[in-house]
Amino acid sequence: MGHLLPIPIPIPIPLFLLILGVVWPVFGGSDDQSTACESLEINNIADFRKLENCTHVVGHIRLAYVDLTVLAGNYSFESLATNVTEISDYLMVYRCTGLISLQSIFPRLQIIRGRTLLFDEYGLVVYENRNLREVGLVELLRIQKGSIRIESNPQLCFVETVDWVYVMGNSTQQHFSLKHNRPPSQCPLCGSLTAEFDIEKNSSEKCWNVNTPQLRLRPPRSDDCPKSCGQNGCDKAGKCCDRNCVTGCYSLNCSLCGNLQGKMGCMNQCFASYEINKRNCIVGSECRDLGRIPLIRGWQCVKKCPGNQKEVPDAKGVIYCQVDCKGDFHIKSAADLENLQDCVTINGSLTIELTNIKEKIVEALEYALVSVKEITGYLKVIHSAQLMSLTFLQNLDAIRGDKLVENKYALYVVNNYHLEHIWPPNHQVIIQRGMLFFHLNPRLCYEKIHQLQSSLKSGENISVADVSPNSNGERVICGDGVRSLTPKVEDLNSTAVRIILDYMDWEGMETLIGYSYYYKEAPLQNVTMYDGRHGCGHDNWLMDVSPNKSRRHVISGLKPYTQYAYFVKTLTRTEYHIQMDAYSKIGYFQTLPDRPSPVVRIFGNSETSSQILINWWPPRRPNGIITKYIVFSEKHNSTKEQKDKNFLISESLNTKDLDCECVDVQPYDSGPQPDDEDYYNKEQITYEDALPNLIYVSRYHINRRKEFEKVVDYKHLLSLKKEEEPPTPAPTTPAPTNETIEKEKKAALTYERYRLKSEIRQRNLQDLDQERYRIRHAPPKCQNSRASVVQQVEDKCIVEEPLDGIEVRANQHSYRFTQLEPETFYRITVRACVEGVVNGCSTPAEYLIKTGSLGSEPYILGV
Ligand SMILES: *[C@@H]1O[C@H](CO)[C@@H](O)[C@H](O)[C@H]1NC(C)=O
Ligand SMILES: *[C@@H]1O[C@H](CO)[C@@H](O)[C@H](O)[C@H]1NC(C)=O
Ligand SMILES: *[C@@H]1O[C@H](CO)[C@@H](O)[C@H](O)[C@H]1NC(C)=O
Ligand SMILES: *[C@@H]1O[C@H](CO)[C@@H](O)[C@H](O)[C@H]1NC(C)=O
Ligand SMILES: *[C@@H]1O[C@H](CO)[C@@H](O)[C@H](O)[C@H]1NC(C)=O
Ligand SMILES: *[C@@H]1O[C@H](CO)[C@@H](O)[C@H](O)[C@H]1NC(C)=O
Ligand SMILES: *[C@@H]1O[C@H](CO)[C@@H](O)[C@H](O)[C@H]1NC(C)=O
Ligand SMILES: *[C@@H]1O[C@H](CO)[C@@H](O)[C@H](O)[C@H]1NC(C)=O
Ligand SMILES: *[C@@H]1O[C@H](CO)[C@@H](O)[C@H](O)[C@H]1NC(C)=O
Ligand SMILES: *[C@@H]1O[C@H](CO)[C@@H](O)[C@H](O)[C@H]1NC(C)=O
Ligand SMILES: *[C@@H]1O[C@H](CO)[C@@H](O)[C@H](O)[C@H]1NC(C)=O
């Protein structure tokens with residue numbers, strides 16, 4: 001219910017009053033008649049001059065503390081009328097006295113785009129205007145983004161008579177709040193004097209004031225359109241109308257687009273063209289003709305180059321913006337990234353030192369450094385436990401090494417605990433000059449570093465002193481030994497999933513402590529393991545640790561009807577030298593649907609004494625595909641505390657009655673943190689002392705151990721590997737005697753028997769406690785729809801409960817009750833129902849409302 005909470009609007013306003021806007025009439029737009037102005041602050045009558053000639057405001061308009069009661073002689077209301085048809089950001093009207101209708105100021109305003117919002121939230125705010133009687137934005141068709149807040153205007157009528165849902169660009173993303181204005185029962189109705197005379201009126205009519213109906217453009221067809229059209233309707237041929245076209249059905253020949261207008265029709269963002277005045281997309285030459293600069297990054301047509309960019313003329317004197325990224329940059333936190341935004345070449349060096357492991361920064365790095373192609377100096381990455389790879393430099397092609405660390409190193413990578421990869425796969429970064437220095441990166445395999453040899457232009461060989469196999473990669477097994485896991489989803493319901501792994505083989509069990517399961521919401525199946533990933537457990541992935549050898553695991557607390565990505569990794573003993581972590585590929589699953597949460601934000605009014613029009617918002621968590629709503633009304637015996645006209649019970653209901661108990665786990669709180677290293681060592685190793693003394697592979701094993709003892713350099717390491725490879729004994733070995741052959745054969749058989757036995761034992765160990773991993777399922781619907789309770793228990797099924805009320809289509813969020821008694825309290829309930837779930841309707845949200853009276857309503861002309 002966040003949008004219903006009052007926000008302390010009046011407090012920050014006076015601050016804004018200090019900032020005085022200046023009008024800059026700018027050229028632009030495609031139509032000749034238009035003149036764009038920048039944001040405007042109107043604080044007194046004289047300021048209205050600034051609006052002269054403006055047809056669209058690129059920015060916001062704030063009318064605050066304007067006193068119009070002095071209007072006389074020199075000014076008339078007519079003289080205030082502006083030609084503004086568009087406001088790109090927002091409109092705020094605050095504490096204006098003597099202002100009766102905004103029609104006198106904005107008679108032609110058609111659209112508020114909401115590109116930048118007031119308090120990041122509002123597109124239209126009309127607040128505390130003492131004399132305002134009507135909103136009167138008679139030509140307004142669309143508030144494309146941002147919420148609407150019309151509040152505490154004691155005389156204001158014609159607020160509820162406006163169809164705000166029609167006005168909003170995307171009603172599922174925007175909200176409106178109309179409060180503490182003049183009660184509608186004391187207001188005139190559309191096209192008539194007062195409610196009293198107009199019981200039989202066609203109340204589907206909407207208006208801005210007595211005389212001006214609200215313009216609501218209708219699609220060519222609204223019935224029998226394809227379902228996907230929603231409320232936008234379709235053309236005669238059944239093609240859905242485009243909601244982005246405000247003035248019609250077709251985006252191609254639209255005269256007013258909700259977002260941007262390009263040559264090819266309405267667009268959501270400029271594509272291969274440049275955005276101007278937050279309303280048009282124009283081609284580069286048009287932008288130049290206006291004396292502006294086309295900026296490729298962000299596709300903007302700008303007057304001058306932004307922030308860290310400078311103007312650079314080319315040979316013909318044409319000005320371009322060029323990012324100027326000069327100097328040595330030291331990134332310690334996200335705030336340091338600002339100066340690197342959009343840099344293609346860093347003329348200098350880059351040092352990354354993310355010592356604050358609590359700060360979530362990997363995504364910000366990815367975003368800020370995406371365009372970096374070249375670093376002229378060196379790249380230094382130190383003490384950054386958060387980094388698992390340097391793939392955030394996804395487009396880096398070269399490190400020039402014009403400047404070097406210690407006059408020697410172009411790439412200097414030291415003490416990064418979780419670093420496992422260097423560059424993105426299949427990507428080479430050329431190092432023009434200088435060497436590598438890699439130390440104390442315990443999870444980075446030596447081979448991976450060694451592969452960089454080919455990108456060193458100096459041709460010098462990597463030396464052991466610079467890149468030590470003893471201080472890199474000692475925490476992981478490097479090379480081909482990495483195992484992979486193959487998890488499968490075995491069962492799931494709406495909030496939990498059971499994942500099962502293949503049996504871990506006998507050897508793997510030796511070092512296994514358990515598994516960690518990573519998962520995150522993934523609307524699309526394009527997730528990769530290193531997306532926004534931190535080294536420290538707190539990344540975008542949520543993590544469950546299962547510190548036992550069971551191959552089953554239940555992840556619970558999931559959101560219903562949601563697709564998740566997941567992968568599994570082993571937890572192995574870190575002190576054991578031949579440690580290898582096995583990973584699975586990324587898989588996906590979707591949870592089942594469930595009952596939706598109650599509908600939110602019910603509101604309604606009784607326009608006539610016999611009718612109640614009720615509106616609601618869809619549930620916050622639909623938990624599936626909503627198929628219908630069930631609305632129900634009954635007379636309510638009013639009691640003392642319910643004297644207030646509109647008593648919204650649903651508000652108190654909603655907070656405690658979200659049907660599903662989803663825990664919104666913050667990625668930050670999940671999984672062990674790096675300082676919990678001991679966690680992984682909880683179970684101490686118990687060596688397999690029972691192993692008979694005739695281990696068949698002992699020779700092989702001894703060799704393998706040696707490999708980790710002392711490696712002089714990489715060549716040495718490679719030579720060790722080669723030696724061990726041929727499984728047949730070396731030819732120099734004396735020919736085996738019949739006796740030894742016989743002995744070995746017997747040993748092999750004994751070993752095989754032993755292996756099988758322990759394999760079975762290990763498998764049983766992985767299958768223990770299966771009951772613990774059950775997924776609970778709701779019983780199915782009974783065949784017999786009248787089954788008794790006993791029958792239901794016997795047949796393990798449930799009966800679909802009939803619900804009183806009227807079914808309303810899922811795409812409709814309002815309902816009109818008719819033939820009601822006047823001046824009577826009604827209790828209205830609304831439920832949302834989901835497909836494929838037995839009894840899949842939400843708990844009812846309630847609303848208490850009284851119908852209007854038949855004849856005794858005060859006859860008030862809205863004075
Ligand atoms: C509006 O246009 C007129 C005529 O071109 C010009 O004289 C006047 O200064 C303009 N007003 C503003 C505020 O720019
Ligand atoms: C609005 O436009 C009309 C016609 O173009 C013009 O006569 C009038 O002066 C303009 N008003 C303002 C306030 O710019
Ligand atoms: C009206 O204009 C006259 C002369 O231009 C000026 O002296 C007077 O103060 C103005 N009145 C108001 C209320 O602005
Ligand atoms: C409204 O916004 C939501 C979320 O961005 C989007 O899924 C939906 O399609 C939008 N609806 C319309 C009508 O644009
Ligand atoms: C009410 O108005 C709508 C739209 O103007 C019209 O289609 C409908 O027939 C009217 N209903 C009555 C009862 O007058
Ligand atoms: C706009 O285009 C559509 C189809 O592309 C056409 O049916 C319609 O008549 C056009 N409208 C106007 C006003 O040109
Ligand atoms: C980097 O800066 C130096 C010194 O100012 C300058 O000579 C050089 O041209 C610049 N290089 C690039 C690629 O901008
Ligand atoms: C997945 O695709 C969507 C839409 O194309 C995109 O917004 C999102 O960034 C992609 N995610 C990844 C991890 O590539
Ligand atoms: C309302 O009051 C009447 C008479 O006092 C009673 O019969 C009826 O059950 C009450 N209804 C509700 C909903 O409390
Ligand atoms: C080994 O066994 C083979 C046949 O099994 C036999 O021909 C040979 O003489 C035996 N050699 C020795 C040294 O016993
Ligand atoms: C899904 O299964 C889990 C595990 O058995 C259980 O805790 C949960 O309540 C089930 N969810 C629903 C909606 O039944």
Side-chain angles (χ1 to χ4, degrees), residues 23-27 29 31-38 40 42 45-58 61 63 66 68 71 74-87 102-110 138-139 489-500 517 519 544 546 550 552-562 564 566 589-597 619 621-624 657-665 769-781 796-798 833-843:
V23 203
W24 299 106
V26 286
F27 308 100
D31 32 339
D32 305 319
Q33 297 299 309
S34 65
T35 308
C37 302
E38 293 194 345
L40 289 160
I42 310 281
I45 295 179
D47 288 341
F48 280 105
R49 275 258 160 76
K50 298 178 187 169
L51 279 166
E52 200 186 344
N53 304 342
C54 289
T55 57
H56 41 271
V57 173
V58 184
I61 298 186
L63 282 126
V66 185
L68 293 169
L71 267 183
N74 301 5
Y75 298 100
S76 66
F77 274 115
E78 289 77 57
S79 72
L80 294 181
T82 66
N83 285 335
V84 173
T85 60
E86 303 184 19
I87 298 175
L102 290 174
Q103 187 173 10
S104 57
I105 301 172
F106 299 112
R108 297 190 178 85
L109 184 62
Q110 287 189 302
V138 293
E139 302 239 312
V489 168
E490 207 180 24
D491 194 7
L492 48 66
N493 64 16
S494 59
T495 59
V497 63
R498 180 170 71 237
I499 291 169
I500 183 164
Y517 295 81
Y519 59 102
D544 271 11
S546 161
S550 169
R552 291 182 178 77
H553 178 70
V554 172
I555 301 175
S556 51
L558 302 174
K559 292 186 189 165
Y561 205 64
T562 303
Y564 285 86
Y566 76 104
F589 62 83
Q590 179 165 35
T591 49
L592 300 179
D594 206 341
R595 290 171 74 195
S597 64
R621 297 185 198 274
N623 294 345
D657 196 30
L658 280 178
D659 282 356
C660 97
E661 300 240 332
C662 303
V663 211
D664 289 324
V665 189
D769 265 351
Q770 295 198 28
E771 193 54 25
R772 238 179 75 195
Y773 303 100
R774 272 252 315 271
I775 296 278
R776 205 160 60 82
H777 287 278
K781 195 160 120 182
K796 291 203 177 62
C797 65
I798 45 171
C833 303
V834 142
E835 196 170 44
V837 179
V838 184
N839 291 326
C841 294
S842 64
T843 53

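We count ligands from 1, going down the list as the structure has it; atoms in each ligand are counted the same way.
- The shortest N or O to N or O distance between Glu52 and ligand 2 is not under 3.5 Å.
- Between Tyr773 and Asp491, every side-chain heavy-atom pair lies at or beyond the 4.5 Å cut-off.
- Assignment of Ala81 to the shell around ligand 2 is supported, since a heavy atom sits closer than 4.0 Å.
- Within the 4.0 Å heavy-atom cutoff, Ser494 counts among the residues contacting ligand 11.
- Between Pro560 and Thr591, the shortest heavy-atom contact is C-OG1, 3.2 Å.
- The atoms of ligand 11 that sit less than 4.0 Å from any heavy atom of Thr495 are 1 (C), 8 (C), 10 (C), 11 (N).
- The main-chain N or O of Asn623 is never found under 3.5 Å from a side-chain atom of Asp594 such that the two would form a donor-acceptor pair.
- Residue contacts with ligand 11 for Val554 are absent, since no atom lies close enough (heavy atoms, distance under 4.0 Å).
- Residue Asn493 touches ligand 11 through its side chain alone, judged by heavy-atom distances below 4.0 Å.
- You'll find the side chain of Ile775 reaches within 4.5 Å of the side chain of Val554, heavy atoms only.
- With hydrogens and angles ignored, the 3.5 Å screen pairs a side-chain donor or acceptor of Arg595 with a backbone N or O of Cys841.
- Under the 6.0 Å cut-off for aromatic ring centres, Tyr517 and Tyr566 do not qualify, their centroids lying 6.0 Å or more apart.
- Remark: ligand 11 and Arg776 share an N or O pair separated by less than 3.5 Å (distance only, no angle test).
- Below 3.5 Å of separation, one finds an N or O of Arg774 facing an N or O of ligand 11.
- On a distance-only criterion, Asn53 and ligand 2 share at least one N/O pair closer than 3.5 Å.
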